[in-house]
Amino acid sequence: MGTILVRAEARGLLAARIVETEAYLPEVDSASHAYRGPTARNRSMFLRRGHAYIYLIYGAYHCLNVTSESEDVGAAVLLRAAEPLEGIGIMRRRRGTERVTDLLRGPGRLAEAFGLDRRQDGLDLCSNRSRLWLSAGAAPDAVGRSVRIGLSREVDRVLRFYERGSPFVSGPRRLNQCPATSGSRH
DNA sequence: AAGAAGATTCGCT
DNA sequence: GCGAATCTTCTTA
């Protein structure tokens, strides 16, 4: 949360501040793609923390995750929404909308605006040789938490985090009015 | 070899 | 608010 996602393209630089995430835990989380062990699709989820795991969902949309544990442990954070900072013209063209609050609101939209697909799966997001990387940013003042969105399993786990009051956050309004948390990193 | 489900989005009612 | 779109992956026969 608050970290800046950056992509360097020939056409220009894209940058956005992460305002909504979901955690997928190792071992115990049956909603995680890694739950049944590595496969061709999810193998990058077992890379060391800081790598990209990108998958195609519903035959239409890609979702970007950042791995979060040691090598060979399957765990990641799904990037669900971000606040556009730079490259807004490129994002608008890709998304086919003018509204800045609709460019990166939702995981499929975020990946589309950044032009991401399986070709970026497995990239090291902490390497200065990558054209897609993460840059430090200030954490939000108030982080709310809720259950994860769109799942049919593990529906009670409170593992979604979002910046309170942000217009760039996805999800139904009732989930975005949870009490703020403090004192821990998200 | 076939079928069901899926970490979503968009358009229509 | 609800259902379709769309295709890959994993599961089951």
Side-chain angles (χ1 to χ4, degrees), chain A residues 1 3 5 16 18-47 49-69 73-84 88 90-123 125 132 134 143-163 166-178 186:
Chain A
M1 295 287 291
T3 298
L5 177 68
I18 297 165
V19 297
E20 181 184 345
T21 61
E22 276 179 4
Y24 288 84
L25 306 178
E27 311 294 336
V28 298
D29 186 359
S30 68
S32 170
H33 290 173
Y35 185 63
R36 294 172 194 283
T39 65
R41 176 207 203 190
N42 70 11
R43 71 189 183 313
S44 58
M45 217 175 158
F46 293 80
L47 295 172
R49 61 181 65 78
H51 287 73
Y53 165 50
I54 300 178
Y55 64 90
L56 177 68
I57 189 66
Y58 295 113
Y61 302 99
H62 292 271
C63 295
L64 169 64
N65 300 252
V66 182
T67 60
S68 53
E69 291 286 343
V73 178
V77 171
L78 171 67
L79 303 190
R80 287 197 57 92
E83 171 182 347
I88 291 175
I90 297 174
M91 296 180 188
R92 279 188 168 130
R93 194 170 74 241
R94 286 201 174 119
R95 290 274 304 116
T97 182
E98 291 294 307
R99 291 195 59 183
V100 178
T101 49
D102 284 343
L103 295 178
L104 307 174
R105 203 181 80 240
R109 292 165 169 172
L110 188 155
E112 182 175 53
F114 268 78
L116 302 178
D117 56 40
R118 289 283 289 175
R119 288 175 292 187
Q120 287 79 43
D121 182 58
L123 281 183
L125 301 177
L132 178 69
L134 295 169
V143 175
R145 47 190 308 176
S146 79
V147 295
R148 296 177 291 189
I149 291 177
L151 300 186
S152 58
R153 321 170 86 170
E154 305 274 1
V155 294
D156 294 327
R157 290 189 186 274
V158 180
L159 290 174
R160 170 174 173 264
F161 305 93
Y162 61 92
E163 179 173 46
S166 170
F168 302 101
V169 163
S170 78
R173 193 181 317 281
R174 46 172 276 272
L175 287 187
N176 292 337
Q177 295 175 331
C178 304
H186 300 111

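Heavy-atom basis, side chains included; hydrogens, waters and symmetry copies ignored. For clarity, every value in this text was computed on a predicted model and none was experimentally measured. Proteins come first, then strands; the chains are lettered A, B, ... in the order of their sequence lines, and each starts at number 1.
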Base, sugar-phosphate or nothing for [X]? Non-hydrogen atoms, less than 4.0 Å.
{"X": "A/Asn65", "result": "base"}
{"X": "A/Arg41", "result": "sugar-phosphate"}
{"X": "A/Leu78", "result": "base"}

Next on the checklist: If I take atom CG from residue A/Asp117 and atom CG from residue A/Leu56, how far apart are they, to the nearest 0.5 angstrom?
Outcome noted: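 Atom-to-atom, A/Asp117:CG and A/Leu56:CG are 9.5 Å apart.
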Next on the checklist: If I take atom CG from residue A/Leu175 and atom CZ from residue A/Arg148, how far apart are they, to the nearest 0.5 angstrom?
Outcome noted: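 With rounding to 0.5 Å, CG (A/Leu175) is 13.0 Å from CZ (A/Arg148).
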Item to check | Note, A/Thr97 side chain near A/Arg109 side chain (heavy atom, < 4.5 Å) | outcome: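 When only atoms from C-beta onward are counted, A/Arg109 and A/Thr97 do not touch, as no gap falls below 4.5 Å.
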Checklist entry - Which nucleotide in the set C/dT8, B/dT9, C/dC10 lies at the smallest distance from any side-chain heavy atom of A/Pro107? => result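 It is B/dT9.
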Item to check | P atoms of B/dA2 and C/dT6, separation to the nearest Å | outcome: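 The answer is 22 Å between these two P atoms.
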Next on the checklist: Between B/dA4 and C/dA4, how far apart are the two P atoms, rounded to whole Å?
Outcome noted: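 Here B/dA4 and C/dA4 have their P atoms 15 Å from each other.
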Next on the checklist: Which nucleotide, if any, forms a Watson-Crick or G-U wobble pair with B/dT9, using both distances under 3.5 Å?
Outcome noted: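 When the pairing criteria are applied, C/dA4 turns out to be the nucleotide that pairs with B/dT9.
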Over how many whole Å does the gap from [X] atom [atom1] to [N] atom [atom2] extend?
{"X": "A/Glu22", "N": "B/dA7", "atom1": "CD", "atom2": "C1'", "answer": "6 Å"}
{"X": "A/Leu110", "N": "B/dA7", "atom1": "CG", "atom2": "P", "answer": "17 Å"}
{"X": "A/Ile57", "N": "B/dA5", "atom1": "CD1", "atom2": "C1'", "answer": "9 Å"}
{"X": "A/Tyr24", "N": "B/dG6", "atom1": "OH", "atom2": "P", "answer": "12 Å"}
{"X": "A/Arg36", "N": "C/dT9", "atom1": "CZ", "atom2": "C1'", "answer": "12 Å"}
{"X": "A/Met45", "N": "B/dA7", "atom1": "CE", "atom2": "P", "answer": "10 Å"}
{"X": "A/Asp121", "N": "C/dT9", "atom1": "CG", "atom2": "P", "answer": "11 Å"}
{"X": "A/Glu112", "N": "B/dC10", "atom1": "CD", "atom2": "P", "answer": "7 Å"}

Item to check | DNA chain C: 5'-proximal contact among A/Ala60 and A/Arg118 (nearest heavy atom) | outcome: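 Nearest-nucleotide comparison on DNA chain C picks A/Ala60.
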Any side-chain N or O of [X] less than 4.0 Å from the OP1 or OP2 oxygen of [N]?
{"X": "A/Arg109", "N": "B/dC10", "answer": "yes"}
{"X": "A/Arg153", "N": "B/dG6", "answer": "no"}
{"X": "A/Ser152", "N": "B/dG6", "answer": "yes"}

Checklist entry - What are the two closest non-hydrogen atoms of A/Val169 and A/Val19, and how far apart are they? => result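 Result for this residue pair: CG2-O, 3.8 Å.
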Item to check | Centroid distance under 5.5 Å and plane angle under 30°, A/Tyr61 vs B/dT8 | outcome: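 No, aromatic ring not over the base.
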Checklist entry - Planes under 30° and centres closer than 5.5 Å, is that true for A/Tyr55 with the base of B/dA7? => result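 One would not call A/Tyr55 stacked on the B/dA7 base.
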Checklist entry - If each of A/Arg95 and A/Ala34 is mapped to the nucleotide of DNA chain B with the nearest heavy atom, which maps nearer the 5' terminus, i.e. the 5' end? => result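 In this pair, the answer is A/Ala34.
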Checklist entry - Do side-chain atoms of A/Glu20 reach the backbone of A/Tyr162 as a donor and acceptor pair under 3.5 angstrom? => result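 No, because the side chain of A/Glu20 does not come within donor-acceptor range (under 3.5 Å) of the backbone of A/Tyr162.
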Checklist entry - Quick one: which of A/Arg94, A/Arg105, A/Arg95 gives a salt bridge (Lys or Arg N to Asp or Glu O under 4.0 Å) with A/Glu112? => result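 Output: one option passes, namely A/Arg95.
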